[in-house]
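Just so we're on the same page: letters track the sequence lines, and every chain starts at 1.
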Amino acid sequence: MLDKRLDLDAFVDRLSDGMTLGVGGWATRRKPMALIRAIARSGLKDLTLVAPYGGPDVGLLAACGKIRKLVFAFVSLDHLPLDPHFRAARQAGAFEVRELDEGLAQWSLRAGAMRLPFLPTRVGLGTDVPAEAGMKTIRSPYDDGELLLAAPAIRLDAALIHVHRADQLGNTLILSPDPFFDDLIARAADQVFVSTEQLVATAELGLPANARFNPFERSVVTGVIEAPFGAHPTGATPDYGIDVEHLKAYAAATEPQAWADYRTRFVEADPQAYLEAVGGPARLSAIPAPVY
Amino acid sequence: MAAHDFTLAELCISACAEVWRDDGEVLATGITLIPRLAAGLAKLSFNPALMMTDAEVYLVEEPVAVGPRAAAAIRPEGWMSYARTFDNIYGGKRHALVVPVQIDRFGQTNISTIGERGRPKAALLGVRGYPGNSINHPNSYFLPSHDPRALVAGEVDFVCSVGYNPARWPDGKQPPWLDLRRIVTNLAVLDFEGAGHAVRVRSLHPGVTVDEVQAATGFPLERPAEIPTTPAPTAEQLQLIRETLDPRGLRATVFKGDPPGVRSAS
C-alpha cells in the first residue's frame, strides 16, 4: 500500500538550496508553521518563497535569512497589521521582491496549475505591479480587441500545506471554514508536502459526509507529515484558534538578543519541546476564537 | 453627551455610510473600524439589500457588532470564502471602502512602500487586493488624517490601485469598470465629479473651511461656488452606532481626544 508518511527530517531532505517553495494558508490562519520551522532550522538557503497571503511564515524565514526572493501580495499578522521581521528585511533590501495583487497571484497559480503559460486578466493594469514584475500584456483576438494583462504562470518546486486530517495515502481534509487557495498552490507544485493535525486511517476521514472538505485528490500529495498543532501560532479552526498572545511575543522580539532568545526557544526546538514552550496542548486547545 | 451631539468619529461613520446609499444589492466591504461601522450603518439605516461579512468567511444577516462577542452573536446567511470573494469582485457586485496610506489627484492609492522601492523607508502591507478591486468594482476611500503626506502631490510612491490617470490606462482608454466614488477624511468629503474626474470638494465637515482643506491637500481641489456642510448623523443613526454597532465605544480611539463633530471656531 502507498505510504507517503515522512518525518520532518525526511521532509527537509526532499528540499534543496535555491528551490521555489509555495506556502498555503492565509496570514494568521492555517500556515504550515511546523514545516516552516523545520526549514528555518535546516541548512537550506537562497529560497524563493511564494507566499501570496503571507503571515509569520514570511517573517520567520526572513529573520532566519532563508529568503532570496519573495513573491507576495501582503504580509500581515492580521490582528497586528504588520510583521516587523518582514518589514525590517524588506526595508533593508534583504531579498528581491515580486509583489502581486491577491487575485493576480490566484490567477498566476491557476495558470501554473493548468500548465498554461499565462491567463488573461485586467487585474494589475493601470498600477505599478506589472512593470515591476516584468509582466506583459496581450490583446484579445476577438472583436473587443481589449488590451489585457497576461498573468504569468507560477510553478513551484514544492508546496507546503497544513491540513486537519490526512491518511498515509495522501487523502486530506481541510476542516476550517475557508480553504483559501491551497488547492491552486498544491496543483502548481511539482511536489506537495502536507502537514496534518492528525494522521488517521482512511475510514476515519468521515467520507462522504466530509467530501466537501477534501481539497484535492491524493495524487497531488507527495508527502504527509504528522504535526499536531503544526499551524501554531497561526490558527487551525475548528481544532484551535490563533494564538494572538504568542504572535505578540514573536512580533516584539525585534532586538538582536530578543530575536536570538525567541529563535532558541521556539525555532531551534523540536516539535515536542516547542509544544511545551508554547504552553502545551491544553493551553492551545483552549484559545478562544479570534474576534474581528 | 447629549443625544443630538456627535463626535467626529460618528460624523465620519455617517459620511462613509453614504457611499453605499444607492448601491442596491452589492457586497459592502469596509476595512478598519470606521469603514466597517459605516457599512453596518448603511445597511441598517437606508440600504437593507447590502451584503456584508463577519470579516472572516460568512455573509451575515445583520452587521456584526465590533469588539468581543460570543460566536453565537453572528447570524450567517451565506458563505463568502476567499475564492468566492474574488469571483464576486470579478463580477463587480461589490463596493469597498478602504484606508490607503497615500492617495493622489488621480485617485491612485498606495499601501505598499513609502520611499525608494528597493530599500523603502517604510514597508507596509503590500498591494493586497487593491489592483483588482480598483479595476473591477466601485471603490471609496477613508483617510483619517487629511494632510499632504496622505493626499500627496504628484503620484503616490507605488501605484497600488488604478485611478483616473489616462497615461496609465491600457491603450489610453478608461478601464470599463473603473468607478471611484468618494474620499472621506477627518475634514471633508471629496468626490471625483470635477472636470475629467478631478477631485472635488463635495462637503465640508462642520466648522471646516475650504481653504483649510486645500492647504491640507498636496494637489489642487475643485471648489464649487457653493459647498454644503457634511450632513450630521440622524438621531436614529447615532442610536444605531452607539447601541447596536459599537456598544463598547471603540470609535472613541480613532481620533486623538475623540473630538466633537462640530468644530467650534478657534
Side-chain angles (χ1 to χ4, degrees), chain A residues 26 29 52-54 58 70 72-76 81-83 86-94 96-97 99-107 121-132 137 139 144-149 176-184 237 288-292, chain B residues 32 36 53-58 64 66-69 71 79-86 89-90 108 110-113 115-136 155-163 165 168-171 173 175-178:
Chain A
W26 191 96
R29 300 180 216 167
Y53 320 107
V58 176
L70 176 67
F72 75 113
F74 66 80
V75 176
S76 173
L82 302 169
D83 181 319
F86 156 73
R87 294 192 80 188
R90 171 86 179 86
Q91 287 167 194
E96 188 187 335
V97 292
E99 194 166 332
L100 302 175
D101 169 275
E102 295 170 44
L104 200 50
Q106 173 202 23
W107 226 224
T121 180
R122 293 191 187 91
V123 175
L125 291 172
T127 74
D128 275 328
V129 169
E132 182 182 68
T137 53
R139 192 169 297 283
D144 58 274
E146 187 173 346
L147 192 63
L148 298 162
L149 191 65
S176 48
D178 198 329
F180 307 122
F181 294 140
D182 286 16
D183 57 335
L184 296 179
T237 49
V291 172
Y292 290 96
Chain B
T32 75
R36 176 170 160 188
T53 73
D54 63 348
E56 194 171 359
V57 70
Y58 297 114
V64 176
V66 295
R69 61 167 188 273
W79 192 48
M80 189 52 79
S81 65
Y82 200 41
R84 189 177 288 186
T85 301
F86 288 96
I89 289 168
Y90 300 141
Q108 300 173 146
N110 177 24
I111 51 164
S112 177
T113 51
E116 191 252 313
R117 185 71 178 156
R119 292 175 73 94
K121 195 162 62 180
L124 307 170
L125 272 177
V127 303
R128 287 219 59 169
Y130 275 34
N133 292 354
S134 60
I135 207 158
N136 279 300
E155 288 188 275
V156 294
D157 289 8
F158 191 80
V159 177
C160 298
S161 68
V162 62
N165 181 4
R168 286 179 175 270
W169 291 342
D171 289 332
K173 286 187 221 159
W177 288 286
L178 170 63

*Heavy-atom distance under 4.5 Å to chain B: side chain of Glu96(A), backbone, both or neither?*
neither

*Which heavy atom in Leu125(B) sits nearest to a heavy atom in Phe72(A), and how many Å separate them?*
O-CE1, 4.1 Å

*Segment of Pro179(A) engaging chain B (4.5 angstrom heavy-atom cut-off)*: side chain

*Side chain, backbone, both or neither: which part of Ile111(B) has an atom under 4.5 Å from a heavy atom of chain A?*
neither

*Using distance alone, with no hydrogens and no angle criterion, decide if Ser112(B) and Glu99(A) have a side-chain donor and acceptor under 3.5 Å apart.*
yes

*Given that the side chain runs from C-beta out, which part of Pro175(B) has a heavy atom under 4.5 Å from chain A: side chain, backbone, both or neither?*
neither

*Side chain from CB out, backbone as N, CA, C, O: work out which of these in Leu82(A) comes under 4.5 Å of a heavy atom of chain B, or both, or neither.*
side chain

*asked:* Shorter than 4.5 Å, heavy atoms on both sides: which option in Ala92(A), Pro288(A), Gly93(A), Ala89(A) has the most such pairs with chain B?
replied: Ala92(A)

*Any sub-3.5 Å donor-acceptor pair from Trp26(A)'s side-chain atoms to Gly54(A)'s backbone N or O?*
no

_Once rounded to the nearest 0.5 Å, what's the spacing between atom CD1 of Ile89(B) and atom CH2 of Trp177(B)?_
15.0 Å

*asked:* If we define contacts as heavy-atom pairs under 4.5 Å, which of Cys160(B), Ala123(B), Gly126(B) has the most with chain A?
replied: Ala123(B)

*Given that the side chain runs from C-beta out, which part of Leu148(A) has a heavy atom under 4.5 Å from chain B: side chain, backbone, both or neither?*
neither

_Residue part contacting chain B, namely of Pro177(A), when any heavy atom lies under 4.5 Å_ = both

*With a 4.5 angstrom heavy-atom cut-off, which part of Arg117(B) approaches chain A: side chain, backbone, both or neither?*
both

*Please name the pair of heavy atoms, one in Gly126(A) and one in Val162(B), separated by the smallest distance, quoted to 0.1 Å.*
CA-CG2, 3.9 Å

*Can you say whether Phe180(A) sits under 4.5 Å from chain B via the side chain, the backbone, both, or neither, judging by heavy atoms?*
both

*Tell me, out of Arg36(B), Gln108(B), Lys173(B), who's got the most heavy-atom pairs with chain A below 4.5 Å.*
Arg36(B)

*asked:* Can you tell me how the ring of Tyr82(B) sits relative to the ring of Phe86(B), calling it parallel under 30°, perpendicular over 60° and tilted otherwise?
replied: perpendicular

_What part of Asp54(B) gets within 4.5 angstrom of chain A, counting heavy atoms only: side chain, backbone, both, or neither?_
backbone

_For chain B, the option from Val129(A), Thr127(A), Thr137(A) that forms the most heavy-atom pairs under 4.5 Å_ = Thr127(A)

*asked:* So that I can tick it off, tell me whether Arg139(A) and Asp171(B) are bridged by a salt bridge, with the cut-off set at under 4.0 angstrom between side-chain N and carboxylate O.
replied: yes

*When you check the side-chain N and O atoms of Arg128(B) and Ser76(A), is any donor under 3.5 Å from an acceptor?*
no

*Salt bridge or not for Lys121(B) and Glu116(B), using N-O below 4.0 Å?*
no

*Given that the side chain runs from C-beta out, which part of Thr85(B) has a heavy atom under 4.5 Å from chain A: side chain, backbone, both or neither?*
neither

*If you count heavy-atom pairs under 4.5 Å with chain A, which of Ser81(B), Pro120(B), Pro170(B) comes out on top?*
Pro120(B)

_At a 4.5 Å cut-off on heavy atoms, which part of Gln106(A) comes close to chain B: side chain, backbone, both, or neither?_
side chain

*Does Arg168(B) come within less than 4.0 Å of Glu155(B), counting only side-chain N to carboxylate O?*
yes

_Does any backbone or side-chain atom of Val57(B) lie under 4.5 Å from a heavy atom of chain A? Answer side chain, backbone, both or neither._
side chain

*Verify, without hydrogens or angle tests, whether Asn110(B) (side chain) and Thr113(B) (backbone) share a donor-acceptor contact under 3.5 angstrom.*
yes

